[in-house]
Amino acid sequence: MQRSPRSSKTREKHPARAEDPYGPDPWQQKSWDARAAANFIFGGMGSGLIVFAVLSGAAGAPLPVLLLAGLALVGFGLFSVALEIGRPLRALNVFRNPRTSWMAREAWTALALVPATLAAAAGVPGCDGLALVLAFVFVYCQARMLLAAKGIPAWREPLLLPLLIMTGMAEGGGMLLIANWQASVGGALVVLFAACVLARGLLWIAYRRRANAALAPRAAAALDRAGRVLLLAGTLLPALLVAAGALSGVGSVPLLQALAGVAAAAAGAYFKYTLVIHAGFNQGFALPRFPVRGARG
Amino acid sequence: MTRWAMVADLRRCVGCQTCTAACRHANATPPGVQWRRVLDVEMGEYPDVKRAFVPVGCQHCDDPPCLDVCPTTATKKRADGIVTIDYDLCIGCAYCAVACPYQARYKTMRPTFAYGRAMENETKRRDDARLAVATKCTFCVERIDAGVAQGLTPGVDPEATPACVNSCITQTLAFGDLDDAQSNVSQLLRENRHFRMHEELGTGPGFYYLWDAADDGQATD
(Lines give C-alpha, C1' and ligand atoms only; values in the text may rest on other atoms or scores of the structure.)
Protein backbone atom coordinates (compact mmCIF):
# COMPACT_ATOMS: atom_id res chain seq x y z
CA MET A 1 0.00 0.00 0.00
CA GLN A 2 1.48 3.28 -1.06
CA ARG A 3 1.33 6.20 1.27
CA SER A 4 0.08 9.44 -0.10
CA PRO A 5 3.32 11.31 -0.64
CA ARG A 6 3.99 14.76 0.65
CA SER A 7 6.75 17.07 -0.24
CA SER A 8 9.82 17.38 1.89
CA LYS A 9 10.51 20.76 3.42
CA THR A 10 14.07 19.85 4.17
CA ARG A 11 15.46 19.73 0.69
CA GLU A 12 17.28 22.72 -0.71
CA LYS A 13 17.06 23.34 -4.38
CA HIS A 14 20.10 23.68 -6.54
CA PRO A 15 20.89 27.41 -6.90
CA ALA A 16 20.34 27.23 -10.65
CA ARG A 17 16.83 25.92 -10.04
CA ALA A 18 15.99 28.08 -7.05
CA GLU A 19 13.57 30.15 -9.14
CA ASP A 20 11.91 27.10 -10.64
CA PRO A 21 8.66 26.54 -8.76
CA TYR A 22 7.63 23.38 -10.61
CA GLY A 23 6.94 20.59 -8.15
CA PRO A 24 4.30 19.17 -5.83
CA ASP A 25 3.91 22.38 -3.84
CA PRO A 26 1.46 24.91 -5.30
CA TRP A 27 2.75 28.26 -6.47
CA GLN A 28 1.15 31.59 -7.30
CA GLN A 29 0.05 32.00 -10.91
CA LYS A 30 1.96 34.68 -12.78
CA SER A 31 -0.15 34.81 -15.93
CA TRP A 32 -2.61 37.42 -14.68
CA ASP A 33 -1.40 40.48 -12.81
CA ALA A 34 -2.97 43.67 -11.47
CA ARG A 35 -4.23 44.60 -14.93
CA ALA A 36 -6.42 41.51 -15.00
CA ALA A 37 -7.45 42.08 -11.39
CA ALA A 38 -8.51 45.61 -12.33
CA ASN A 39 -10.97 44.17 -14.82
CA PHE A 40 -12.70 42.20 -12.09
CA ILE A 41 -12.56 45.12 -9.65
CA PHE A 42 -13.82 47.89 -11.91
CA GLY A 43 -16.04 45.65 -14.02
CA GLY A 44 -17.95 44.45 -10.98
CA MET A 45 -18.06 47.91 -9.45
CA GLY A 46 -19.28 49.54 -12.66
CA SER A 47 -21.87 46.87 -13.35
CA GLY A 48 -23.17 47.13 -9.82
CA LEU A 49 -23.40 50.90 -10.15
CA ILE A 50 -25.43 50.61 -13.35
CA VAL A 51 -27.79 48.17 -11.64
CA PHE A 52 -28.24 50.42 -8.61
CA ALA A 53 -28.49 53.55 -10.74
CA VAL A 54 -31.36 52.09 -12.74
CA LEU A 55 -33.07 50.92 -9.57
CA SER A 56 -32.68 54.39 -8.05
CA GLY A 57 -34.46 56.02 -11.00
CA ALA A 58 -33.95 59.76 -11.05
CA ALA A 59 -33.70 60.10 -7.29
CA GLY A 60 -30.58 61.79 -5.93
CA ALA A 61 -27.65 62.19 -8.32
CA PRO A 62 -28.69 62.48 -11.99
CA LEU A 63 -29.30 59.10 -13.57
CA PRO A 64 -27.27 59.79 -16.75
CA VAL A 65 -24.23 60.72 -14.70
CA LEU A 66 -24.46 57.52 -12.67
CA LEU A 67 -24.96 55.36 -15.74
CA LEU A 68 -22.04 56.94 -17.54
CA ALA A 69 -19.88 56.59 -14.44
CA GLY A 70 -20.76 52.90 -14.25
CA LEU A 71 -19.97 52.45 -17.90
CA ALA A 72 -16.67 54.29 -17.46
CA LEU A 73 -15.69 51.94 -14.65
CA VAL A 74 -16.50 48.90 -16.79
CA GLY A 75 -14.58 50.44 -19.67
CA PHE A 76 -11.57 51.15 -17.49
CA GLY A 77 -11.51 47.54 -16.35
CA LEU A 78 -11.62 46.28 -19.92
CA PHE A 79 -8.94 48.77 -20.93
CA SER A 80 -6.73 47.53 -18.11
CA VAL A 81 -7.00 43.92 -19.16
CA ALA A 82 -6.45 44.88 -22.79
CA LEU A 83 -3.05 46.18 -21.70
CA GLU A 84 -2.18 42.69 -20.53
CA ILE A 85 -2.94 40.67 -23.63
CA GLY A 86 0.03 39.73 -25.74
CA ARG A 87 -1.41 40.62 -29.13
CA PRO A 88 -3.61 43.69 -28.67
CA LEU A 89 -3.89 44.29 -32.42
CA ARG A 90 -5.93 41.14 -32.78
CA ALA A 91 -8.03 41.82 -29.70
CA LEU A 92 -11.20 41.50 -31.76
CA ASN A 93 -10.60 37.75 -31.87
CA VAL A 94 -11.92 37.75 -28.31
CA PHE A 95 -15.42 37.63 -29.79
CA ARG A 96 -14.87 34.38 -31.68
CA ASN A 97 -15.85 31.77 -29.14
CA PRO A 98 -19.00 32.70 -27.20
CA ARG A 99 -20.06 29.06 -27.51
CA THR A 100 -17.89 27.95 -24.58
CA SER A 101 -15.72 30.83 -23.38
CA TRP A 102 -16.92 33.11 -20.61
CA MET A 103 -14.31 35.65 -21.63
CA ALA A 104 -15.87 35.85 -25.09
CA ARG A 105 -19.32 36.08 -23.51
CA GLU A 106 -18.08 38.89 -21.29
CA ALA A 107 -16.84 40.71 -24.38
CA TRP A 108 -20.15 40.29 -26.20
CA THR A 109 -22.06 41.45 -23.15
CA ALA A 110 -19.84 44.52 -22.88
CA LEU A 111 -20.47 45.22 -26.55
CA ALA A 112 -24.21 45.25 -25.89
CA LEU A 113 -23.90 47.03 -22.56
CA VAL A 114 -22.29 50.13 -24.06
CA PRO A 115 -25.14 51.19 -26.40
CA ALA A 116 -27.81 50.07 -23.96
CA THR A 117 -26.33 52.18 -21.17
CA LEU A 118 -25.74 55.15 -23.44
CA ALA A 119 -29.32 54.92 -24.65
CA ALA A 120 -30.55 54.68 -21.08
CA ALA A 121 -28.48 57.72 -20.18
CA ALA A 122 -30.04 59.55 -23.12
CA GLY A 123 -33.47 58.70 -21.77
CA VAL A 124 -34.56 56.24 -24.47
CA PRO A 125 -37.58 54.42 -23.01
CA GLY A 126 -37.02 50.83 -21.96
CA CYS A 127 -33.25 50.95 -22.25
CA ASP A 128 -32.67 51.42 -18.54
CA GLY A 129 -34.09 47.97 -17.87
CA LEU A 130 -31.98 46.50 -20.65
CA ALA A 131 -28.87 48.17 -19.23
CA LEU A 132 -29.67 46.74 -15.80
CA VAL A 133 -30.01 43.21 -17.17
CA LEU A 134 -26.83 43.47 -19.26
CA ALA A 135 -24.86 44.89 -16.34
CA PHE A 136 -25.93 41.95 -14.23
CA VAL A 137 -25.04 39.52 -17.01
CA PHE A 138 -21.65 41.20 -17.33
CA VAL A 139 -20.74 40.65 -13.70
CA TYR A 140 -22.11 37.10 -13.97
CA CYS A 141 -19.77 36.44 -16.92
CA GLN A 142 -16.84 37.77 -14.94
CA ALA A 143 -17.61 35.44 -12.05
CA ARG A 144 -17.96 32.49 -14.41
CA MET A 145 -14.60 33.36 -15.96
CA LEU A 146 -12.83 32.71 -12.71
CA LEU A 147 -14.92 29.64 -12.03
CA ALA A 148 -13.81 28.10 -15.34
CA ALA A 149 -10.14 28.44 -14.44
CA LYS A 150 -9.71 24.86 -13.29
CA GLY A 151 -6.02 25.34 -12.62
CA ILE A 152 -6.65 27.56 -9.58
CA PRO A 153 -8.43 25.92 -6.62
CA ALA A 154 -9.44 29.24 -5.02
CA TRP A 155 -11.16 30.28 -8.23
CA ARG A 156 -12.93 27.10 -9.21
CA GLU A 157 -14.94 26.80 -5.98
CA PRO A 158 -18.61 27.11 -7.07
CA LEU A 159 -19.58 29.47 -4.23
CA LEU A 160 -17.26 32.06 -5.73
CA LEU A 161 -19.96 32.70 -8.33
CA PRO A 162 -22.59 34.20 -5.98
CA LEU A 163 -19.83 35.76 -3.88
CA LEU A 164 -18.41 37.73 -6.80
CA ILE A 165 -21.83 38.74 -8.05
CA MET A 166 -22.81 39.96 -4.63
CA THR A 167 -19.47 41.74 -4.29
CA GLY A 168 -20.19 43.62 -7.52
CA MET A 169 -23.66 44.55 -6.31
CA ALA A 170 -22.38 45.70 -2.91
CA GLU A 171 -19.69 47.78 -4.59
CA GLY A 172 -22.20 49.27 -7.00
CA GLY A 173 -24.56 50.12 -4.16
CA GLY A 174 -21.64 51.66 -2.34
CA MET A 175 -20.77 53.79 -5.34
CA LEU A 176 -24.36 55.01 -5.53
CA LEU A 177 -24.23 56.05 -1.88
CA ILE A 178 -20.91 57.82 -2.48
CA ALA A 179 -22.40 59.68 -5.44
CA ASN A 180 -25.26 60.82 -3.22
CA TRP A 181 -23.13 62.01 -0.33
CA GLN A 182 -25.03 65.30 -0.22
CA ALA A 183 -28.54 63.93 -0.48
CA SER A 184 -29.93 60.87 1.23
CA VAL A 185 -30.84 57.92 -0.94
CA GLY A 186 -34.28 56.36 -0.65
CA GLY A 187 -34.83 53.87 2.17
CA ALA A 188 -35.49 50.88 -0.10
CA LEU A 189 -32.17 51.29 -1.90
CA VAL A 190 -30.28 51.58 1.36
CA VAL A 191 -31.95 48.42 2.59
CA LEU A 192 -31.02 46.68 -0.68
CA PHE A 193 -27.43 47.88 -0.28
CA ALA A 194 -27.31 46.63 3.29
CA ALA A 195 -28.78 43.30 2.19
CA CYS A 196 -26.11 42.93 -0.50
CA VAL A 197 -23.37 43.76 1.99
CA LEU A 198 -24.66 41.26 4.54
CA ALA A 199 -25.21 38.59 1.88
CA ARG A 200 -21.66 39.12 0.68
CA GLY A 201 -20.36 38.61 4.20
CA LEU A 202 -22.31 35.39 4.62
CA LEU A 203 -21.26 34.13 1.19
CA TRP A 204 -17.65 34.82 2.06
CA ILE A 205 -17.93 32.68 5.20
CA ALA A 206 -19.57 29.85 3.25
CA TYR A 207 -17.07 30.11 0.38
CA ARG A 208 -14.10 30.07 2.73
CA ARG A 209 -15.37 26.93 4.46
CA ARG A 210 -16.08 25.11 1.23
CA ALA A 211 -12.77 26.06 -0.39
CA ASN A 212 -10.64 25.25 2.63
CA ALA A 213 -9.60 21.71 1.75
CA ALA A 214 -8.33 22.66 -1.70
CA LEU A 215 -6.46 25.83 -0.79
CA ALA A 216 -2.69 26.06 -0.56
CA PRO A 217 -1.62 27.38 2.86
CA ARG A 218 -0.38 30.68 1.43
CA ALA A 219 -3.55 31.10 -0.61
CA ALA A 220 -5.64 30.45 2.49
CA ALA A 221 -3.60 32.95 4.49
CA ALA A 222 -4.01 35.63 1.80
CA LEU A 223 -7.73 34.98 1.55
CA ASP A 224 -8.12 35.12 5.31
CA ARG A 225 -6.45 38.52 5.41
CA ALA A 226 -8.80 39.79 2.73
CA GLY A 227 -11.72 38.04 4.41
CA ARG A 228 -11.13 39.87 7.66
CA VAL A 229 -11.22 43.16 5.77
CA LEU A 230 -14.34 42.03 3.94
CA LEU A 231 -16.13 41.15 7.17
CA LEU A 232 -15.00 44.08 9.32
CA ALA A 233 -14.61 46.97 6.89
CA GLY A 234 -16.83 45.62 4.14
CA THR A 235 -19.73 44.20 6.13
CA LEU A 236 -19.82 45.23 9.76
CA LEU A 237 -18.75 48.85 9.29
CA PRO A 238 -21.18 49.64 6.43
CA ALA A 239 -24.00 47.95 8.31
CA LEU A 240 -23.27 49.99 11.43
CA LEU A 241 -22.97 53.24 9.47
CA VAL A 242 -26.24 52.64 7.67
CA ALA A 243 -27.93 51.69 10.92
CA ALA A 244 -26.50 54.76 12.63
CA GLY A 245 -27.82 56.92 9.82
CA ALA A 246 -31.24 55.36 10.05
CA LEU A 247 -31.38 55.87 13.81
CA SER A 248 -29.93 59.36 13.93
CA GLY A 249 -32.40 60.93 11.54
CA VAL A 250 -30.35 64.11 11.24
CA GLY A 251 -28.51 65.86 8.46
CA SER A 252 -25.48 63.60 8.68
CA VAL A 253 -27.35 60.66 7.16
CA PRO A 254 -26.05 61.09 3.57
CA LEU A 255 -22.49 61.36 4.79
CA LEU A 256 -22.79 58.25 6.93
CA GLN A 257 -24.28 56.40 3.98
CA ALA A 258 -21.48 57.58 1.73
CA LEU A 259 -18.90 56.38 4.23
CA ALA A 260 -20.67 53.02 4.29
CA GLY A 261 -20.40 52.99 0.51
CA VAL A 262 -16.68 53.75 0.60
CA ALA A 263 -16.10 50.92 3.08
CA ALA A 264 -18.15 48.42 1.09
CA ALA A 265 -16.57 49.30 -2.26
CA ALA A 266 -12.98 49.45 -0.99
CA ALA A 267 -13.25 46.16 0.88
CA GLY A 268 -14.70 44.48 -2.19
CA ALA A 269 -11.93 45.80 -4.39
CA TYR A 270 -9.27 44.63 -1.95
CA PHE A 271 -10.85 41.19 -1.78
CA LYS A 272 -10.88 40.77 -5.56
CA TYR A 273 -7.33 42.04 -5.87
CA THR A 274 -6.20 39.52 -3.27
CA LEU A 275 -8.18 36.74 -4.91
CA VAL A 276 -6.44 37.22 -8.25
CA ILE A 277 -2.98 38.35 -7.20
CA HIS A 278 -2.27 36.63 -3.88
CA ALA A 279 -4.64 33.66 -3.69
CA GLY A 280 -4.23 32.46 -7.27
CA PHE A 281 -2.18 29.42 -6.37
CA ASN A 282 -2.30 26.36 -8.57
CA GLN A 283 -2.34 22.90 -7.01
CA GLY A 284 1.12 21.85 -8.06
CA PHE A 285 1.72 18.35 -9.36
CA ALA A 286 0.24 15.38 -7.55
CA LEU A 287 1.82 11.97 -7.32
CA PRO A 288 -0.96 9.77 -5.91
CA ARG A 289 1.20 6.66 -6.32
CA PHE A 290 4.91 6.36 -5.86
CA PRO A 291 6.81 4.14 -8.31
CA VAL A 292 7.45 0.65 -6.98
CA ARG A 293 11.01 -0.29 -7.82
CA GLY A 294 12.79 -3.56 -7.15
CA ALA A 295 11.21 -6.37 -5.12
CA ARG A 296 7.77 -5.87 -3.62
CA GLY A 297 6.45 -7.23 -0.38
CA MET B 1 -10.71 6.06 -34.44
CA THR B 2 -7.34 7.06 -33.10
CA ARG B 3 -6.52 8.51 -29.69
CA TRP B 4 -2.87 9.45 -29.35
CA ALA B 5 -1.59 9.20 -25.80
CA MET B 6 1.66 9.12 -23.91
CA VAL B 7 2.74 6.75 -21.16
CA ALA B 8 5.54 7.43 -18.67
CA ASP B 9 6.89 4.58 -16.60
CA LEU B 10 7.91 6.24 -13.34
CA ARG B 11 9.96 3.20 -12.37
CA ARG B 12 12.27 3.79 -15.29
CA CYS B 13 12.84 7.54 -15.38
CA VAL B 14 16.27 8.58 -14.11
CA GLY B 15 15.76 12.32 -14.53
CA CYS B 16 18.40 12.74 -17.22
CA GLN B 17 16.34 15.47 -18.90
CA THR B 18 17.23 14.18 -22.34
CA CYS B 19 13.56 14.39 -23.31
CA THR B 20 13.54 18.04 -22.23
CA ALA B 21 16.62 18.76 -24.32
CA ALA B 22 15.24 16.84 -27.30
CA CYS B 23 11.96 18.74 -27.10
CA ARG B 24 13.76 22.07 -26.95
CA HIS B 25 15.90 21.07 -29.90
CA ALA B 26 12.96 19.79 -31.94
CA ASN B 27 10.70 22.73 -31.19
CA ALA B 28 13.24 25.53 -30.72
CA THR B 29 11.68 26.75 -27.51
CA PRO B 30 13.37 29.70 -25.80
CA PRO B 31 15.12 29.56 -22.42
CA GLY B 32 12.69 28.90 -19.57
CA VAL B 33 10.11 27.32 -21.84
CA GLN B 34 10.00 23.56 -21.40
CA TRP B 35 7.14 21.87 -23.16
CA ARG B 36 8.48 18.58 -21.82
CA ARG B 37 9.63 19.01 -18.26
CA VAL B 38 10.89 16.40 -15.79
CA LEU B 39 10.09 17.08 -12.16
CA ASP B 40 12.53 15.99 -9.51
CA VAL B 41 10.20 15.09 -6.67
CA GLU B 42 11.39 14.24 -3.21
CA MET B 43 8.78 12.90 -0.82
CA GLY B 44 8.63 12.14 2.86
CA GLU B 45 10.76 13.09 5.82
CA TYR B 46 14.17 11.78 6.81
CA PRO B 47 14.91 8.89 7.03
CA ASP B 48 11.90 7.71 5.05
CA VAL B 49 12.53 9.70 1.91
CA LYS B 50 11.77 8.69 -1.65
CA ARG B 51 12.62 10.33 -4.91
CA ALA B 52 10.91 10.15 -8.26
CA PHE B 53 11.33 11.82 -11.62
CA VAL B 54 8.07 12.77 -13.24
CA PRO B 55 7.81 13.85 -16.88
CA VAL B 56 5.07 16.44 -17.29
CA GLY B 57 3.71 18.71 -19.99
CA CYS B 58 0.47 19.17 -21.87
CA GLN B 59 -1.72 16.18 -21.07
CA HIS B 60 -3.79 16.51 -24.26
CA CYS B 61 -6.93 16.01 -22.21
CA ASP B 62 -10.20 14.48 -23.37
CA ASP B 63 -11.98 17.54 -21.97
CA PRO B 64 -9.32 20.25 -21.95
CA PRO B 65 -10.15 23.23 -19.73
CA CYS B 66 -7.93 25.35 -21.98
CA LEU B 67 -10.18 24.60 -24.95
CA ASP B 68 -13.39 25.78 -23.31
CA VAL B 69 -11.99 28.99 -21.90
CA CYS B 70 -10.17 30.13 -25.05
CA PRO B 71 -12.11 33.16 -26.30
CA THR B 72 -10.61 33.08 -29.78
CA THR B 73 -10.90 29.41 -30.81
CA ALA B 74 -7.10 29.41 -31.12
CA THR B 75 -7.00 26.29 -28.96
CA LYS B 76 -8.46 23.31 -30.77
CA LYS B 77 -8.73 19.60 -30.17
CA ARG B 78 -8.28 17.25 -33.07
CA ALA B 79 -10.26 14.06 -33.55
CA ASP B 80 -7.15 12.09 -32.60
CA GLY B 81 -7.00 13.81 -29.20
CA ILE B 82 -4.13 16.23 -29.85
CA VAL B 83 -4.74 19.72 -28.49
CA THR B 84 -3.30 22.43 -30.72
CA ILE B 85 -2.89 26.21 -30.68
CA ASP B 86 -3.37 28.44 -33.73
CA TYR B 87 -0.73 31.11 -33.13
CA ASP B 88 -2.37 33.42 -35.65
CA LEU B 89 -5.64 33.51 -33.72
CA CYS B 90 -4.31 33.61 -30.16
CA ILE B 91 -4.42 37.05 -28.52
CA GLY B 92 -2.20 36.06 -25.61
CA CYS B 93 -4.80 36.62 -22.89
CA ALA B 94 -3.32 33.71 -20.89
CA TYR B 95 -6.75 32.54 -19.80
CA CYS B 96 -5.75 29.05 -20.93
CA ALA B 97 -2.65 29.24 -18.73
CA VAL B 98 -4.67 29.75 -15.57
CA ALA B 99 -7.25 27.19 -16.67
CA CYS B 100 -4.69 24.43 -17.21
CA PRO B 101 -4.25 22.32 -14.06
CA TYR B 102 -0.93 21.02 -15.41
CA GLN B 103 0.92 24.33 -15.86
CA ALA B 104 1.64 23.29 -19.40
CA ARG B 105 1.25 26.64 -21.13
CA TYR B 106 3.78 29.39 -21.63
CA LYS B 107 3.66 32.94 -22.90
CA THR B 108 6.91 34.62 -23.91
CA MET B 109 6.57 38.34 -24.52
CA ARG B 110 9.91 39.02 -26.17
CA PRO B 111 12.69 37.04 -27.84
CA THR B 112 15.07 35.49 -25.32
CA PHE B 113 18.29 33.66 -26.01
CA ALA B 114 20.47 31.26 -24.10
CA TYR B 115 23.50 33.56 -24.02
CA GLY B 116 21.92 36.99 -24.06
CA ARG B 117 22.32 37.64 -27.79
CA ALA B 118 21.03 35.32 -30.48
CA MET B 119 23.30 32.50 -31.55
CA GLU B 120 23.28 31.48 -35.20
CA ASN B 121 20.95 28.57 -34.65
CA GLU B 122 18.60 30.71 -32.60
CA THR B 123 18.45 33.33 -35.33
CA LYS B 124 17.80 30.66 -37.92
CA ARG B 125 14.95 29.09 -35.99
CA ARG B 126 13.41 32.21 -34.55
CA ASP B 127 9.64 32.26 -34.92
CA ASP B 128 8.00 35.54 -33.99
CA ALA B 129 4.55 34.01 -34.46
CA ARG B 130 5.10 32.30 -31.11
CA LEU B 131 5.79 35.54 -29.26
CA ALA B 132 3.14 36.96 -26.92
CA VAL B 133 0.82 34.01 -27.50
CA ALA B 134 0.24 30.75 -25.66
CA THR B 135 2.50 27.83 -26.53
CA LYS B 136 2.73 24.27 -25.28
CA CYS B 137 3.62 20.68 -26.16
CA THR B 138 2.07 19.58 -29.44
CA PHE B 139 2.99 15.88 -29.20
CA CYS B 140 5.22 16.86 -32.16
CA VAL B 141 2.09 16.89 -34.27
CA GLU B 142 3.96 17.72 -37.47
CA ARG B 143 6.07 14.58 -37.13
CA ILE B 144 2.98 12.50 -36.44
CA ASP B 145 1.07 13.86 -39.41
CA ALA B 146 4.02 13.56 -41.77
CA GLY B 147 4.72 10.05 -40.55
CA VAL B 148 1.15 8.87 -40.85
CA ALA B 149 1.02 10.32 -44.36
CA GLN B 150 3.98 8.11 -45.23
CA GLY B 151 2.30 5.05 -43.74
CA LEU B 152 4.43 5.04 -40.61
CA THR B 153 3.17 4.22 -37.13
CA PRO B 154 3.64 6.88 -34.43
CA GLY B 155 5.18 5.37 -31.34
CA VAL B 156 6.82 2.62 -33.38
CA ASP B 157 8.57 4.39 -36.22
CA PRO B 158 10.90 7.10 -34.89
CA GLU B 159 10.18 9.40 -37.84
CA ALA B 160 6.55 9.58 -36.73
CA THR B 161 7.15 9.69 -32.98
CA PRO B 162 7.45 12.71 -30.65
CA ALA B 163 11.05 13.79 -30.09
CA CYS B 164 10.91 13.27 -26.34
CA VAL B 165 9.90 9.64 -26.76
CA ASN B 166 12.60 9.02 -29.35
CA SER B 167 15.26 10.46 -27.11
CA CYS B 168 14.36 8.68 -23.87
CA ILE B 169 17.36 6.63 -22.82
CA THR B 170 15.43 4.37 -20.44
CA GLN B 171 12.28 3.85 -22.50
CA THR B 172 10.32 5.62 -19.82
CA LEU B 173 8.23 7.37 -22.41
CA ALA B 174 5.99 5.56 -24.86
CA PHE B 175 3.59 6.96 -27.41
CA GLY B 176 0.78 5.30 -29.29
CA ASP B 177 -2.87 4.87 -30.09
CA LEU B 178 -5.11 4.13 -27.11
CA ASP B 179 -7.91 3.01 -29.40
CA ASP B 180 -5.73 0.27 -30.83
CA ALA B 181 -5.80 -2.62 -28.38
CA GLN B 182 -2.56 -3.95 -29.84
CA SER B 183 -0.59 -0.69 -29.60
CA ASN B 184 2.38 -0.36 -27.29
CA VAL B 185 0.58 2.05 -24.96
CA SER B 186 -2.54 -0.12 -24.72
CA GLN B 187 -0.35 -3.06 -23.85
CA LEU B 188 1.57 -1.11 -21.22
CA LEU B 189 -1.63 0.07 -19.59
CA ARG B 190 -2.99 -3.47 -19.51
CA GLU B 191 0.13 -4.86 -17.92
CA ASN B 192 0.77 -2.14 -15.34
CA ARG B 193 -0.96 -0.15 -12.68
CA HIS B 194 -1.26 3.44 -13.68
CA PHE B 195 -2.76 6.80 -12.78
CA ARG B 196 -3.37 10.10 -14.45
CA MET B 197 -2.52 13.47 -12.92
CA HIS B 198 -5.33 15.36 -11.13
CA GLU B 199 -7.83 12.88 -12.47
CA GLU B 200 -10.44 14.12 -9.99
CA LEU B 201 -10.84 17.27 -12.08
CA GLY B 202 -12.44 15.30 -14.88
CA THR B 203 -10.13 16.53 -17.60
CA GLY B 204 -9.33 13.05 -18.87
CA PRO B 205 -5.59 13.44 -19.44
CA GLY B 206 -4.03 11.62 -22.38
CA PHE B 207 -0.88 11.10 -20.33
CA TYR B 208 -0.59 8.01 -18.14
CA TYR B 209 1.90 7.23 -15.39
CA LEU B 210 2.88 3.63 -14.68
CA TRP B 211 3.88 2.97 -11.08
CA ASP B 212 3.73 -0.79 -10.56
CA ALA B 213 3.23 -4.06 -12.36
CA ALA B 214 -0.26 -5.49 -12.36
CA ASP B 215 -0.54 -8.55 -10.13
CA ASP B 216 -2.37 -10.62 -12.68
CA GLY B 217 -1.23 -8.95 -15.83
CA GLN B 218 -4.41 -6.86 -15.91
CA ALA B 219 -4.16 -3.38 -14.44
CA THR B 220 -7.11 -2.14 -12.44
CA ASP B 221 -6.10 1.47 -11.90
Side-chain angles (χ1 to χ4, degrees), chain A residues 2-3 5-11 13 17 20-24 27 29-32 36 81 84-107 145-146 148-152 155-156 280 282-293 296, chain B residues 9-13 34 37 39-46 48-50 52 54 56 65-74 88-103 105 107-109 131-134 193-195 197-199 201-203 209-213 221:
Chain A
Q2 286 290 311
R3 282 190 315 159
R6 57 201 170 94
S7 68
S8 168
K9 302 296 181 194
T10 58
R11 179 170 171 237
K13 283 186 173 175
R17 301 177 62 197
D20 185 356
Y22 283 74
W27 65 96
Q29 64 84 21
K30 299 291 182 193
S31 299
W32 284 359
V81 79
E84 186 164 52
I85 66 174
R87 297 280 189 165
L89 294 180
R90 28 173 118 134
L92 291 180
N93 285 353
V94 78
F95 294 105
R96 289 177 61 97
N97 188 25
R99 200 174 64 81
T100 64
S101 172
W102 285 101
M103 184 181 279
R105 290 168 185 167
E106 180 209 33
M145 272 173 64
L146 284 183
K150 278 194 175 181
I152 312 293
W155 299 355
R156 67 180 184 228
N282 59 40
Q283 62 191 94
F285 292 95
L287 207 56
R289 301 287 186 178
F290 218 78
V292 177
R293 303 187 186 96
R296 286 187 287 159
Chain B
D9 189 339
L10 295 178
R11 297 162 300 182
R12 287 174 170 267
C13 186
Q34 297 180 10
R37 185 182 286 271
L39 307 180
D40 181 347
V41 179
E42 203 170 287
M43 299 288 185
E45 299 290 341
Y46 177 83
D48 185 16
V49 180
K50 292 181 178 178
V54 186
V56 294
C66 55
L67 177 72
D68 287 342
V69 302
C70 177
T72 68
T73 67
D88 293 330
L89 283 180
C90 181
I91 59 172
C93 66
Y95 192 10
C96 54
V98 293
C100 174
Y102 308 101
Q103 287 76 56
R105 293 194 166 223
K107 187 172 93 172
T108 310
M109 289 305 291
L131 287 177
V133 298
R193 296 182 182 195
H194 53 269
F195 66 85
M197 192 83 75
H198 300 324
E199 196 152 18
L201 296 178
T203 54
Y209 295 96
L210 309 183
W211 61 278
D212 195 9
D221 59 349

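We name chains A, B, ... by the order of the sequence lines, and we start the count at 1 in each one. On a predicted model such as this, the values are computed, not experimentally measured, just so you know.
No side-chain heavy atom of A/Phe285 sits under 4.5 Å from any side-chain heavy atom of B/Val54. Here the side chains of B/Gln34 and A/Tyr22 are not in contact, with every heavy-atom distance at 4.5 Å or above. The shortest side-chain heavy-atom distance between A/Val81 and A/Trp32 does not fall under the 4.5 Å cut-off.
The closest side-chain donor-acceptor pair between B/Thr203 and B/Tyr102 falls under 3.5 angstrom.
Among the candidates B/Leu210, B/Leu67, B/Leu10, B/Ile91, the residue making the largest number of heavy-atom pairs closer than 4.5 Å to chain A is B/Ile91. Among A/Gln29, A/Lys30, A/Met145, A/Arg87, the residue with the largest count of heavy-atom pairs under 4.5 Å with chain B is A/Arg87. Contact tally against chain B (heavy-atom pairs below 4.5 Å) for A/Gln283, A/Arg105, A/Arg156: the top residue is A/Gln283. Heavy-atom pairs under 4.5 Å with chain A were tallied for B/Leu201, B/Thr73, B/Val98, B/Val133; the largest tally goes to B/Val98. Here B/Pro71 is the residue among B/Ala132, B/Pro71, B/Cys100, B/Pro65 with the most heavy-atom pairs under 4.5 Å with chain A. Per-residue counts of heavy-atom pairs under 4.5 Å with chain A were compared for B/Arg12, B/Glu199, B/His198, B/Met197; the largest is that of B/His198.
For chain A, the nearby parts of B/Val69 are the backbone and the side chain; heavy atoms of each come within less than 4.5 Å. The contact between A/Ala148 and chain B is made by backbone and side chain atoms together, counting heavy-atom distances below 4.5 Å. Proximity to chain A (any heavy atom under 4.5 Å) is shown, for B/Cys93, by both the backbone and the side chain.
Remark: B/Asp68 pairs with no residue by the salt bridge (Lys or Arg N to Asp or Glu O under 4.0 Å) rule, at least two apart or across chains. The side chain to side chain contact (heavy atoms under 4.5 Å, CB included) check on B/Cys66 picks up B/Pro64, B/Thr75, B/Val83, B/Cys96, B/Arg105, with sequence neighbours excluded.
The heavy-atom pair separating A/Ala107 from A/Val94 by the smallest distance is CB-CG1, 3.8 Å.
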